[in-house]
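Predicted, not measured: the structure shown is a model, and the values here were computed from it. A, B, ... follow the sequence lines: proteins, then strands. Residue 1 opens every chain.
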Amino acid sequence: MTSAAEIAWLIPVLPLAGAALTGLGLISFNRTVNRLRKPVALLLITLVGAAAVLSYTVLAEQLAGAPPTEVLFNWASAGTFNLQMGFRVDALGAVMLSLVTTIALLVMVYSDGYMAHDKGYVRFFTYLALFSSSMLGLVISPNLLEIYVFWELVGMCSYLLVGFWYDREAAAHAAQKAFIVNRVGDFGLLLGILGLFWATGSFGFEEIGAGLTAAVSEGSLSNGVAVLLCLLVFMGPMAKSAQFPLHVWLPDAMEGPTPISALIHAATMVAAGVFLVARLQPVYEPFPLVQAVIAVIGTITCFLGASIALTQMDLKKGLAYSTVSQLGYMILAMGCGAPEAGMFHLVTHAFFKAMLFLCSGSVIHAMEEVVGHEPVLAQDMRLMGGLRRFMPVTSTTFLIGCVAISGIPPLAGFWSKDEILGQAFNAFPLLWAVGFLTAGMTAFYMFRLYFLTFEGSFRGGDLSIRGALLQAAGKAPESHEEGHGSHASHPHESGWQMAAPLAVLAVPSVLVGLLGTPWNSRFATLLNPSEAAEMAEHFSWGEFLPLAGASVTISVVGITIAVLAYALHKLDLATAVAARFPTINAFLVNKWYLDAINDRLFVKGSRKLARQVLEVDAKVVDGVVNLTGLLTLGSGEGLKYFETGRAQFYALIVFGGVIALVLLFSSF
Amino acid sequence: MPLDPAVAPEALAALGTASTGAFPWLSVSILLPIGAALLIPFIPDPGDGKTIRWYALGVALITFLVTVGAYLNGYDPSVAGLQLIERVEWLPDLGLAWSVGADGLSMPLILLTSFITALAVLAAWPVTFKPRLFFFLILAMDGGQIAVFAVQDMLLFFLAWELELLPVYLLLAIWGAKKRQYAATKFILYTAGGSVFILLAALAMGFYGGGTPSFEFTTLAAKEFGTRFQLLAYAGLLIAFGVKLPIVPLHTWLPDAHGEATAPVHMLLAGILLKMGGYALLRFNVQLLPEAHAQFAPLLVVLGVVNIIYAALTSFAQRNLKRKIAYSSISHMGFVLIGIGSFSALGTSGAMLQMVSHGLIGASLFFLVGATYDRTHTLQLDEMGGVGQKMRKMFALWTICSLASLALPGMSGFVSELMVFVGFVNSEAYSLSFRIVMAALAAVGVILTPIYLLSMLREIFFGKENMELAAHTRLVDAEPREIYVISCLLVPIIGIGLYPRLVTDSYRASIEALVAREDVALTKVVGPTPKGLIRGAVGQELSFAPAFLHAPALGGVG
């Protein structure tokens with residue numbers, strides 16, 4: 001019997017086949033296929049489900065101790081070069097496969113409810129399947145080159161899905177921004193891959209690691225160049241995993257439909273950068289400088305995301321900055337040389353953050369019943385409040401997510417985040433302090449989101465707030481309100497398609513952390529048995545308890561402030577903090593001014609440069625041509641002469657040729 | 001036309017295998033469309049061109065099948081040398097012979113030509129103005145272009161090169177847009193100006209060394225040209241082919257010509273005509289003048305990088321859709337230059353693949369531009385917007401083709417650019433610092449390309465519908481014919497993207513032989529242990545070698 005690992009290539013191919021089929025159908029028989037909503041959704045969900053089953057089998061095999069499988073073939077070759085492609089299944093890959101297929105499957109079920117009234121339903125499912133396929137392909141890539149291929153493909157899917165509602169200007173800009181910022185990262189990634197290939201002659205992770213170390217120790221490659229190459233490659237993960245300063249695309253990408261935010265921009269694609277860094281550990285490990293840079297970038301990102309999240313009023317943007325911050329934690333773990341910890345946080349975060357985003361989708365879906373399909377209104381927490389009474393499932397699961405991400409034991413976030421902080425404490429105490437502080441901020445902003453959304457009284461019917469919000473966004477006030485008289489007065493809980501995935505995700509959000517307890521981490525055992533054994537051996541309650549106790553304490557402090565400010569209204573943060581430090585407040589509200597700098601420096605700058613080059617092209621380069629034309633032919637009339645005078649002209653050419661030949665031969 | 005084995009047997013034996021008595025595939029594929037074009041005046045047609053277009057489509061398809069037949073029956077991809085050889089003495093006194101053949105450099109492009117032409121005929125379905133002349137010219141061009149790639153005699157090449165000018169000129173001047181006269185004249189001036197150098201170089205090379213002049217590639221390749229002569233001939237040919245490719249700053253005819261042409265002509269211009277420049281560079285500059293190539297190659301790389309960045313920026317600033325795509329063509333051709341100058345089998349192979357790939361992608365984009373113009377009646381991006389609301393299939397096709405053009409993996413453009421990158425970076429012919437700087441600059445194109453292509457998509461399709469546009473025109477979605485044309489182009493684009501060896505294996509042997517020849521020349525020019533391509537001693541002998549050729553050696557570590 002063949003093992004599941006040998007047919008693991010089917011995992012990305014199955015959704016791809018489905019996406020190709022419906023995609024072709026959409027282009028050739030648009031109307032018919034668009035009407036086949038349920039059959040298409042069923043087909044694609046089945047295919048992703050089959051991929052999920054296969055992934056679980058692969059994971060089970062890996063748990064049982066199966067060796068890694070790698071299959072390669074020659075993809076392109078010229079001369080002595082062979083570019084190889086194929087697939088590779090190992091423990092890390094198997095974990096990611098199961099994670100991606102699980103969340104993709106749940107998100108697809110959820111989307112059936114969320115997108116039920118959208119005219120692009122079939123297109124949406126096609127994109128989802130395409131994305132799943134690309135992401136799964138990335139996970140099983142055996143070398144950097146193939147990773148780059150799928151890296152770009154998931155980027156494309158993200159572009160398509162962020163711009164899904166293409167009649168919205170904001171979505172169009174966000175999609176483009178996401179793609180281009182990612183291309184900036186890919187610029188470094190591509191150069192880094194090329195450079196590493198030049199230095200080591202390989203695209204494989206282990207080979208590059210070994211080759212690079214050997215080249216540096218032999219002295220054929222200077223340490224600086226090796227570090228530079230490593231950092232160039234790191235630019236890719238920086239863009240994809242939204243690390244400072246290339247994180248700017250992720251919050252904007254929330255313009256896409258919410259299931260996408262959950263799947264791509266919280267759980268899977270943005271984690272691809274972390275995954276790649278984990279894959280590249282053999283390359284990065286010998287260079288402490290690289291590790292330090294990675295850790296610092298991770299810490300900055302982690303703090304930046306949390307600090308901006310403090311002031312966000314848009315529910316999805318708040319979650320988006322929270323994602324940025326959590327991704328920072330993962331990268332910090334990678335920089336501390338603890339890829340298992342980072343990967344573990346990736347897994348736990350994927351579950352609870354996907355759940356939180358799906359909850360927010362459920363809330364937005366419900367809000368749209370009341371305020372209409374205007375994202376400025378439907379996503380703003382100033383119009384929410386008191387939703388717990390109307391949406392029990394959503395509010396309960398959201399609360400579980402908040403507790404999990406805040407790091408309260410025994411929920412998932414506690415174990416993974418604490419492991420990272422523990423590693424950071426040993427490697428870079430200063431960075432640990434920042435991460436520790438951020439943990440408190442995380443607890444605060446998450447509970448702020450929860451209280452503003454689900455507790456208190458419902459404010460969605462307040463027309464004066466609506467008007468103010470629309471005005472602030474520069475949009476016309478609701479003039480067609482009378483025509484849409486059918487809006488409900490209060491929101492309703494979403495249907496089973498949306499509620500069920502929330503409930504399912506709540507289970508791992510609570511329990512999955514227990515797989516990674518520091519004294520017996522099954523997760524680390526799977527990824528790196530020797531490291532895990534060592535960790536378990538060195539474990540002592542005396543070391544664990546103070547650190548864990550400290551992080552739980554700061555989380556509780558954060559939660560307490562949030563409770564005082566937003567549930568009991570004992571503390572008025574607006575006057576106590578925001579009014580007292582207006583600069584800091586403005587700094588945070590304006591997202592550290594990074595978008596403004598980006599716009600002024602790069603967007604406007606590149607446009608200006610391009611216009612100037614075009615001017616040069618039209619006036620100088622082409623000007624010389626036109627001038628020559630005029631000089632040689634006298635006038636525009638002369639051009640016509642030329643047309644009729646072709647024969648003579650050629651005679652002239654031949655004549656000139658002969659003369660030139662004579663001259664030429666006389667000179668030799 | 002059976003092969004005459006008595007002619008230059010040594011040369012033939014050295015460079016290729018003869019297929020005696022076989023079906024004359026190449027001659028048929030050249031003469032069939034031209035002959036069929038001559039019959040067009042006698043076709044009974046009520047005057048609306050409906051019969052003519054079916055006739056033209058039939059002929060173009062048969063030509064395509066003939067070239068496919070040639071590939072399948074007479075062509076062995078594992079052979080490096082010339083195949084499918086047919087040779088008939090024409091004017092023996094002048095050394096002129098009808099000599100055609102194909103090797104890895106020409107076969108893919110011959111197939112591309114007949115394929116794109118067949119699709120262009122299909123794209124020309126709505127042409128109702130002077131259909132007889134139009135399809136006559138298209139078919140004549142088909143034969144002429146296949147001839148450019150297939151002929152093995154330099155004078156014949158010159159004739160074919162010139163012959164193809166006339167149809168393009170007329171197609172531009174008669175069916176073009178408002179500034180068509182200007183564009184057509186500019187095109188012909190530029191190309192004819194460049195052709196002078198081809199003729200000069202051909203005559204010089206043919207007469208070089210005395211004896212009976214011969215212009216056949218095999219004979220010329222066997223000649224040992226002097227260094228100074230090689231450099232002169234190379235420079236002349238570089239100008240001629242640089243106009244065609246085009247190389248900045250010899251490119252300004254292209255936006256005008258492309259901007260004024262109708263969609264089918266456009267497809268041919270972008271799909272095939274530009275490739276004549278790249279092909280000729282490989283065939284003459286690299287194959288016949290390898291030592292000069294060893295000297296000039298850094299210049300090619302620098303020009304390639306300039307092409308990529310300069311044209312990407314101009315494309316970004318362009319507000320006219322056609323000219324935007326035209327500039328993007330120039331940008332993509334930069335990779336061909338870098339690949340040709342890379343001195344590596346992988347890079348050169350990538351250059352070849354980039355030509356095929358851009359032929360397909362460029363043709364698809366220009367076809368879409370035409371199809372969009374038919375609906376919006378404007379090419380100004382400012383006058384469009386939100387078109388995707390009504391034209392959803394068109395939107396999908398545009399998105400796919402734009403993604404292909406920005407080198408998305410899974411499509412052919414990615415593979416070719418990647419091969420050029422990897423080949424160039426690993427080329428031992430250049431100093432490390434030169435490679436780093438050039439690769440980094442070329443990679444800037446990776447950022448710039450999506451900027452202009454995605455901005456373009458956003459401005460055409462995204463956002464709220466432009467009321468003014470929607471009020472004036474009927475925005476009908478893509479019709480089956482248009483979807484079919486794009487699908488035909490996408491099949492090879494995606495096929496190559498998934499498994500590039502489909503194409504690369506067909507020319508691998510030839511490219512490897514070519515690069516081996518380059519390496520020999522490089523060793524001869526540079527010495528057996530190159531310390532970066534640009535060396536002090538040899539470079540200073542050349543009075544006219546540009547100063548910046550020396551610059552990369554400064555920090556070179558080899």
Side-chain angles (χ1 to χ4, degrees), chain A residues 26-28 30 74-81 83 145 148-150 152-153 156 159-160 163 166-169 171-173 175-176 179-180 183-184 186-187 190-191 194-195 197-198 606-607 609-611 613-614 617 621-622 625 629 639 642-643 649 653-654 656-658 660-661 664-665 668, chain B residues 185-186 189 192 195-196 199-200 203-204 207 226 229 232 249 252 310 313-314 316-318 344-346 349 386 388-389 392-393 396-397 399 403 408-410 414-415 419 421-423 425-426 439-440 443-444 446-447 450-451 454-455 458 461-464 483 499-501 504 508 511-512 515:
Chain A
L26 270 180
I27 287 197
S28 18
N30 192 290
N74 267 347
W75 180 63
S77 53
T80 49
F81 285 109
L83 305 184
L145 190 66
Y148 184 80
V149 167
F150 288 107
E152 291 280 306
L153 287 178
M156 171 203 74
Y159 168 78
L160 292 174
Y166 54 83
D167 53 335
R168 295 185 186 170
E169 287 288 347
H173 279 104
Q176 193 185 337
F179 197 93
I180 290 169
R183 267 287 168 112
V184 173
D186 295 344
F187 161 83
L190 177 67
L191 286 178
L194 291 174
F197 182 67
W198 161 78
S606 66
R607 283 195 191 142
L609 177 68
R611 269 200 306 275
V613 172
L614 184 65
D617 191 63
V621 182
D622 206 28
V625 173
L639 297 181
F642 173 67
E643 185 191 329
F649 189 70
I653 294 175
V654 174
V658 171
L661 274 180
L664 242 159
F665 282 103
F668 280 92
Chain B
T185 312
K186 201 170 180 179
L189 273 179
S195 307
V196 178
L199 185 64
L200 281 178
L203 291 175
F207 284 106
F229 177 86
L232 274 174
T252 59
Y310 180 91
L313 285 171
T314 44
F316 181 40
Q318 264 300 337
S344 78
L346 196 64
S349 191
Q389 301 294 318
R392 300 165 84 187
K393 286 184 230 169
L397 298 178
T399 308
L403 291 173
L408 190 81
F414 169 73
V415 188
M419 285 168 78
F421 268 120
V422 177
V425 166
N426 286 288
V444 171
V446 169
I447 305 176
I451 291 184
L454 297 185
S455 298
R458 179 171 54 75
F461 292 101
F462 283 86
K464 293 264 179 287
I483 294 176
Y499 195 61
R501 286 174 64 187
T504 54
R508 183 179 170 163
I511 292 283
E512 279 168 14
V515 173

State, to 0.1 Å, how close A/Ala610 and B/Ala317 come at their nearest heavy-atom pair, and which atoms those are. O-CB, 3.3 Å
Measuring from atom CD1 of A/Ile180 to atom CD1 of B/Ile447, what distance do you get when rounded to the nearest 0.5 angstrom? 9.5 Å
Applying a strict 4.5 Å limit to non-hydrogen atoms, the region of B/Ile451 in contact with chain A is both
Look at A/Asn74, A/Leu145, A/Leu160 and state which one has the largest set of heavy-atom pairs under 4.5 Å with chain B. A/Asn74
Chain A contact via B/Arg501 - side chain, backbone, both or neither, heavy atoms under 4.5 Å: both
Nearest 0.5 Å please: distance from the CG atom of B/Asn426 over to the CG atom of A/Leu194. 8.0 Å
Could you check if a side-chain atom of B/Val446 sits within less than 4.5 angstrom of a side-chain atom of A/Leu190, using non-hydrogen atoms only? yes
Sort B/Ser455 into side chain, backbone, both or neither according to what part of it lies under 4.5 angstrom from a heavy atom of chain A. both
Is there a side-chain contact between B/Phe462 and A/Asp167, using heavy atoms and a 4.5 Å cut-off? no
In terms of heavy-atom pairs under 4.5 Å with chain B, which of A/Arg611, A/His173, A/Arg168 leads? A/His173
Reported OH-to-NZ distance for the pair A/Tyr166 and B/Lys464, which is rounded to 0.5 angstrom: 12.0 Å
Are side-chain heavy atoms of A/Trp198 and B/Val422 found at a separation under 4.5 Å? no
Side chain, backbone, both or neither of B/Val444 within contact of chain A (heavy atoms, under 4.5 Å): both
Taking the side chain from B/Tyr499 and the backbone from A/Trp75, do they hold a donor-acceptor pair closer than 3.5 Å? no
What part of A/Leu191 gets within 4.5 angstrom of chain B, counting heavy atoms only: side chain, backbone, both, or neither? side chain
Under 4.5 Å heavy-atom distance to chain B, tell me which part of A/Tyr159 shows up: side chain, backbone, both or neither. side chain
Quick one: what part of B/Phe421 sits under 4.5 Å from any heavy atom of chain A, side chain, backbone, both or neither? both
Bottom line for B/Ile511: the part with an atom under 4.5 Å from chain A's heavy atoms is neither
Sort B/Lys393 into side chain, backbone, both or neither according to what part of it lies under 4.5 angstrom from a heavy atom of chain A. side chain
Checked B/Leu408, B/Val415, B/Ile483 vs chain A; the most non-hydrogen pairs under 4.5 Å come from B/Leu408
Can you find a heavy atom in the side chain of A/Leu609 that is under 4.5 Å from one in the side chain of B/Phe316? no
To the nearest 0.5 Å, tell me how far B/Thr314 OG1 sits from A/Leu614 CG. 6.5 Å
Can you give me the closest heavy-atom contact between B/Ala396 and A/Ile27, atom names plus distance? CB-CD1, 4.1 Å
